[in-house]
Amino acid sequence: MLKDRRILLGITGGIAAYKAAELSRRLVEAGAEVQVVMTRAACAFISPMTLQAVSGRAVRSELMDPEAEAGMGHIELARWPDAVLVAPASAHFLARVAHGLADDLLTTLCLATDKPMFLAPAMNRLMWTNPATQSNVSRLRERGIRLLGPGVGAQACGETGVGRMLGPLELIQGLAGTLTGDHVLEGNRVLVTAGPTREPLDPVRFMTNRSSGKMGFAVAQAAAAMGAQVTLVSGPVALDTPANVERIDVETAAEMQAAVVPRAGDAHIFIATAAVSDYRPLVAGDRKIKKSADRLQLELVRNPDILAEVAALPSGPFCVGFAAETHDLEAYARAKLTAKGLDMIAANAVGNGLAFDRDQNTLHLFWPGGDEILPTAAKTELASVLMRRVAERFHAQN
Ligand code: C5P
């Protein structure tokens, strides 16, 4: 999988450093040449001798090391790899790289290399969700540095949550995906909407729908796995943010529009999977509606059509819509493709327990001049096939 690829494996100080030995061994088994660079803190968790044995190369850890510098100096070392993988990447290390510090060999190499960089964070869940870490992560992503994970699960500190380092095989797959050219959306910005919207009636009640957000989150994940820089604008859902995806949470259609439209001009591809409420209550008073008469009439007004607005932008992104219908699926889907001026539409049947809040789905894709049925599959798989078709048609047009 990684035959003759040169991987600079950075190891920083965290308990997950013990997994780096297995990772290094697996990288070698996958055909890679591995040069390990450890921070001082990493050496407190695992011995450089172990890493030397499994990688087959002397481990580097000091910047001011005359002997090592006489062999392969740090600038040469920064030029040597095809990719840099830092696993585990501690919160402190993410902060140092985000701020461009070069106070040891590994951070200096990160600053001096122009090769693809992959960081596998590993830390306590509160350290990961801390706004300081999240702001560092956003900075790193903006610079095109890829984060592999972290995953969710039991942590060495006894807690459970997000912050666990991905396993060696997952890390190698993530790395190989990019290096072997599977990244057909590398360099492209993809904007995705997902989930339902909530339209308030009063301070305690709202109108919404059954959308779970699963399809949109799977689409965002698939686009990120294909190398795209992904922004996911999501209504209220109970889902974890996929790795390498920037997420913006909104509630109402108006908030979704305000988050999407200013970003759409910059996006290459826009995928609207959100089940946006077509109407909202005309008045959403600041006092709770009290029960009185037997009948209560609500007046609703149309919400903005976010997808149609983005599709109408001059030199706007490649636009993909979704059409969820209980009947006449094909006719409605084709009509929406034309009416909203879309490049593609993915139609799915809803009602009778289909699609909404399910893990499986079936899609019928339409584009000007063609169509294709994507048979029933897990939403995650379906999203990968859909994103491949989107990438093909997008590249054919650009
Ligand atoms: O017209 P309809 O609501 O059926 O169109 C569905 C498509 O339009 C979906 O892709 C949905 O995300 C998008 N949409 C939107 N804003 C709306 C309504 C729908 O972006 N207000």
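Because the structure is a prediction, the values reported are computed rather than measured. As the structure lists them, so they are numbered: ligands from 1, and atoms in each ligand from 1. Index from 1, following the sequence.
Ion pairing of Lys340 with Asp305 is present here, as a side-chain N (NZ or NE/NH1/NH2) and a carboxylate O approach within less than 4.0 Å. Contact check on Arg96 versus Asp104 returns a salt bridge, with a Lys/Arg side-chain nitrogen under 4.0 Å from an Asp/Glu carboxylate oxygen. Checked for salt-bridge contact, Glu186 and Arg146 meet the test: a charged N lies under 4.0 Å from a carboxylate O. Ion pair Arg388/Glu392 not flagged as a salt bridge, since none of the NZ, NE, NH1 or NH2 atoms sits closer than 4.0 Å to an Asp/Glu carboxylate oxygen.
Checking only distances, Ile306 does come within under 3.5 Å of ligand 1, N or O to N or O. Of the N or O atoms in Lys336, one or more lie within a sub-3.5 Å distance of an N or O in ligand 1. The N/O atoms of Ala272, backbone and side chain alike, include one that comes under 3.5 Å of an N/O atom in ligand 1.
Distance check: Leu106 CG to His74 NE2 gives 12.5 Å after rounding to the nearest 0.5 Å. From Lys379, atom NZ reaches atom OG1 of Thr362 across 10.5 Å, with rounding to the nearest 0.5 Å.
Closest protein heavy atom to atom 6 (C) of ligand 1: Phe322 O, 3.0 Å.
In this structure, Ala274 counts as a contact residue of ligand 1, since one of its heavy atoms falls inside 4.0 Å of the ligand. The closest approach between any non-hydrogen atom of Pro304 and ligand 1 is below 4.0 Å. At least one heavy atom of Lys340 sits closer than 4.0 Å to an atom of ligand 1.
Applying the 4.0 Å criterion to heavy atoms of Gly321 picks out, from ligand 1, the atoms 10 (O). Atoms of ligand 1 found under 4.0 Å from any heavy atom of Asp278, numbered from 1 in the order shown, are 3 (O), 18 (C).
Taking all atoms of both residues into account, the shortest heavy-atom contact from Ala17 to Thr12 is CB-O, 3.9 Å.
Exactly one residue among Gln221, Gln229, Arg141 makes a side-chain contact (heavy atoms from CB on, under 4.5 Å) with Asn244. That residue is Arg141.
By heavy-atom distance, the residue among Val310, Asn303, Val276, Leu307 lying nearest atom 17 (C) of ligand 1 is Val276.
Neither the backbone nor the side chain of Ile345 comes within contact range of ligand 1; no heavy atom lies under 4.0 Å.
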